[in-house]
Structure formats: structure tokens, C-alpha cells
There are 2 protein chains.
Amino acid sequence: MSTPKASRDPVDAIVDQWAAVRPDLDTAAMEVFGRVYRLARTMGDRMEKAYARFGISRGEFDVIATLRRSGAPHTLSPRQLSATLMLTTGGMTGRLDKLERAGLLRRSPDLHDRRALQVTLTDKGLAVVDEAVGAGLALQTEALSALDEEQAGQLADLLRQLLAGTVNPPS
Amino acid sequence: MSTPKASRDPVDAIVDQWAAVRPDLDTAAMEVFGRVYRLARTMGDRMEKAYARFGISRGEFDVIATLRRSGAPHTLSPRQLSATLMLTTGGMTGRLDKLERAGLLRRSPDLHDRRALQVTLTDKGLAVVDEAVGAGLALQTEALSALDEEQAGQLADLLRQLLAGTVNPPS
DNA sequence: GGAAAGTAGCTTAGCGCTAAGCTATTTCTG
DNA sequence: CAGAAATAGCTTAGCGCTAAGCTACTTTCC
């Protein structure tokens with residue numbers, strides 16, 4: 001009965017199950033990615049609920065947050081938005097339709113390129129995103145309080161390093 | 001021009017953008033969760049492709065992997081599977097339909113409870129999952145090689161701690 | 001032992017996404 | 001400067017999920 005490094009979690013249980021039936025497998029990577037998937041899912045669900053209070057989904061929040069972040073005049077093209085959000089143009093059309101109907105943004109013609117549009121946050125959209133971003137961050141901050149400040153910084157650094165190697169495999 | 005702690009990544013850029021337009025926000029939590037979401041998404045996409053070589057989706061892999069992990073005789077009920085995989089029963093029905101059609105598992109009546117079914121891996125299903133799990137782990141292991149062994153262990157521990165506080169908010 | 005409550009799995013409607021294909025417009029190329 | 005290639009945004013079909021409702025069966029409770 002030695003000291004456990006931390007309370008066992010569902011991922012530990014899965015790793016143990018694999019060890020019992022396939023002891024040849026190297027499951028070390030599962031300890032990281034299994035937890036990454038679970039965190040993304042559980043926190044994602046909670047974020048969804050947090051944004052629902054403002055009448056928007058998480059995907060819709062991402063759109064208006066991207067416009068907000070870009071600074072005044074809070075204008076980007078659908079193309080820029082879909083590229084930033086890693087979304088197909090078809091998916092973007094749907095999100096913009098919903099947000100435009102809700103009065104949070106408007107589409108206007110691009111004067112320099114008649115194929116293109118400009119998507120601009122309305123006053124209402126600006127007000128909603130400025131409130132919603134605070135609510136979302138509060139939720140994440142609370143979740144992160146499971147770690148102390150040094151641990152949180154360490155975690156962010158490790159994730160940055162992992163992400164860099166993952167997206168840009170050093171060939 | 002001081003030493004960067006690591007090469008800047010897209011999440012750093014987003015944090016900087018927020019700092020420019022909303023300097024009042026505490027974006028520390030975004031440094032963690034922003035990267036968790038991205039990692040889950042990019043690695044998820046790559047896992048999807050890895051499993052596609054075996055004719056299955058990631059969701060379908062999760063089903064046969066859960067059966068495999070449970071040990072001989074590789075049998076669970078749809079209810080157990082949907083609970084483990086955090087899926088509605090409707091979603092489970094669809095996955096089982098596809099896997100049964102592909103001959104990777106079979107549904108049979110539960111002799112003790114006539115409402116219930118038993119889902120059992122076929123020989124073919126067992127062969128597929130035993131190959132696919134190796135391919136999936138290889139992909140994850142390669143991605144994780146961006147970190148050394150100590151860092152990987154540290155990351156797993158920090159994620160375990162964060163996940164524990166997130167799922168079970170200590171009230 | 002019979003009514004009420006609970007549970008297992010399926011079906012349907014609706015949602016949001018992707019992939020593929022479309023038209024209109026712009027940019028590249030010889 | 002004309003034809004070819006690329007690009008912007010939209011539409012449609014299809015996919016996999018959820019939420020809600022259904023039937024069949026089992027368990028609980030007087």
C-alpha cells in the first residue's frame with residue numbers, strides 16, 4: 001500500500017485493462033492523449049452550456065470571438081474566418097446565417113473584390129461576445145484552479161511543445 | 001530580444017490579440033485549454049485517418065476496443081458500451097449496425113434479460129482491433145516523442161490532476 | 001400477485017458538419 | 001489581351017450525433 005502518485009482515474013483503468021489482455025502494447029502515449037480527449041470533451045460540453053445563456057453555441061462564439069479579437073472595425077471575410085476556425089466554407093455559411101439572423105453580425109459586399117463579402121460584428125454582437133468571453137474564461141479559470149500557478153504554467157509549456165511537434169512533424 | 005521559452009504558437013497569437021483589445025481579461029486558462037482543444041482536434045483527425053486503413057472510423061474503433069479490453073469472451077451489452085463511451089443509445093445503435101454489417105461483431109439475445117442484447121466481437125473483429133490498436137498507438141507514440149520521457153510523465157500527471165478536478169469539482 | 005416504476009434497445013426528427021459541385025469573379029500566363 | 005487557372009461563397013447530399021418518444025420486458029412495492 002504505497003502512496004499513489006494521484007488518485008487513479010478512468011484512463012488509468014483503461015491502461016490497466018489493456019495491460020491485462022495485451023501486455024505487449026506500449027500504452028504510455030495513451031496516458032497523455034486519452035486525457036487530452038476527455039478534457040476536450042468534458043470542458044467542451046461545459047463551455048457549450050456556458051455560451052447557451054447568451055443564445056449562442058460554442059461554434060458561433062468562436063466566430064464572433066475571432067471578429068472581436070481582430071480589433072476595430074471587427075470585420076473579416078468568410079474565407080478568413082473559415083481558415084482560422086478550420087471549417088469548410090459550407091460550415092461557415094451556416095454559422096454566419098444563424099448569427100446574421102440573430103443580429104450579431106452582418107454581411108456586406110467587399111468593394112474591392114466582388115466575389116467576396118465582409119462580415120462585421122454589430123453593436124449587439126460586440127456586446128454579446130464581450131460578455132460571453134468573460135463567462136467562458138471564468139469557467140476555464142475555475143477548472144484550472146485544480147492546479148497551482150506553477151503547475152498551470154508547466155502544463156501550458158508542455159502542451160505548446162507537444163502541439164508544435166504534432167502539427168509540424170519535424171519531418 | 002530575449003530567449004523565447006519556446007517557439008510561439010497559434011495560441012500565443014490569440015492570447016496576444018485578446019490582450020490588445022481586452023487587456024482586462026485573464027487569459028491564463030486559455031493557454032491550457034486552447035491547446036487541449038487543438039491537440040484533441042488535430043490528433044483526432046490523424047487517428048481517424050489511421051483507422052480508416054482498417055475500414056473503420058474512430059468511433060467504431062472505440063467500440064471494438066472496449067470489447068477487446070474487456071477480455072474474453074469479448075462480450076458487453078449495448079447499454080454498457082454506450083455508458084462507457086458517453087454515447088446516447090441512438091448513437092450506439094448506429095455504430096453497432098455498421099460494425100455488425102462489416103462482420104466485426106454480432107448481436108445475440110441475452111438469455112437472462114429478454115430486453116437486453118449481448119454484443120460479441122467476431123474473430124474478424126478481434127483481428128482488426130488487435131491490428132488497429134497498434135497502429136493508433138504508434139501514431140500517438142510518435143507524436144509524443146516531441147517530449148522526453150520525463151516530460152511525458154509530468155504531462156500525464158498534470159492532466160490527470162486537472163481532469164480529476166474538472167470532472168469531479170470538489171464542490 | 002398485480003400495479004407502478006424503471007430499464008433495454010430502437011426509431012425518428014433535427015442539427016451541424018464535410019465533400020463535392022456550382023456560378024461569378026479575379027489573377028495568372030503566353 | 002484572350003484563355004486558363006485559381007478563388008470566394010453558396011448549395012446539396014450524406015453522415016453521425018442528440019433528444020425525445022416508442023415497445024418490450026423487468027424490478028419494485030404495496
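Convention: sequence-line order gives letters A, B, ...; per-chain numbering from 1. What you see is a predicted model, and the numbers here were worked out from it, not measured in a lab.
Here the side chains of A:Phe61 and A:Glu48 are not in contact, with every heavy-atom distance at 4.5 Å or above. A:Arg95 is listed as a side-chain neighbour of A:Leu85, based on a closest heavy-atom distance under 4.5 Å.
Nucleic acid contact for B:Asp110: none, since no nucleic acid atom lies under 4.0 Å from a heavy atom of the residue. Using a 4.0 Å heavy-atom criterion, one finds that B:Arg79 contacts the bases of the nucleic acid, with or without backbone contacts as well. In this structure, B:Ser77 reaches the sugar-phosphate backbone alone: every heavy-atom distance under 4.0 Å involves primed, P, OP1 or OP2 atoms, never a base.
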Set out, in order, the CA-CA distance, both residues' side-chain angles and the distance that settles side chain to side chain donor-acceptor pair (under 3.5 Å) for A:Thr75 and A:Thr120, then state yes or no.
CA-CA 4 Å; A:Thr75 297; A:Thr120 305; 2.9 Å; yes

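Atom NZ of B:Lys49 is separated from atom P of C:dT18 by 13 Å (rounded to the nearest Å). The distance between atom CG of B:Asp62 and atom C1' of D:dC17, rounded to the nearest whole Å, is 14 Å. Remark: C1' of D:dA6 and CG of A:Asp113 are 12 Å apart, rounded to the nearest angstrom. For the pair B:Leu96 CG and C:dA8 P, the interatomic distance rounds to 15 Å; values are reported in whole Å. Here D:dT7 presents its P atom at 18 Å from CG of A:Leu117, a figure rounded to the nearest Å. Atom CZ in B:Arg95 sits about 16 Å away from atom C1' in C:dG9, given to the nearest Å. A straight line from CZ of B:Arg107 to P of C:dA8 spans 16 Å, rounded to a whole angstrom. Nucleotide C:dT18 holds its C1' atom 11 Å from the CZ atom of B:Arg41, rounded to whole Å.
Near DNA chain C, meaning a heavy atom under 4.0 Å away, the residues from residues 81-92 of chain B are B:Thr89, B:Gly90.
Taking 3.5 Å as the limit, the base of C:dT7 and the side chain of B:Arg115 contain a donor-acceptor pair of atoms between them.
Cation-pi geometry between A:Arg46 and A:Tyr51 is not satisfied (NZ or CZ under 6.0 Å from the ring centre, within 45° of the ring normal).
Side chain of B:Gln140 to backbone of A:Phe33: no donor-acceptor contact under 3.5 angstrom is found.
If you find the closest nucleotide of DNA chain C to B:Gln118 and to A:His112, the one lying nearer the 5' end belongs to B:Gln118. DNA chain C is contacted by both A:Arg114 and A:Lys98; A:Lys98 maps to the nucleotide lying nearer its 5′ end (nearest heavy atom per residue).
Residue B:Val21 is grouped with residue B:Met30 when hydrophobic side chains (ILVMFWY) are merged at heavy-atom distances under 4.5 angstrom, including chains of intermediate members.
A:Arg38 and A:Asp9 are not joined by a salt bridge, as no carboxylate oxygen comes within less than 4.0 angstrom of a charged side-chain nitrogen.
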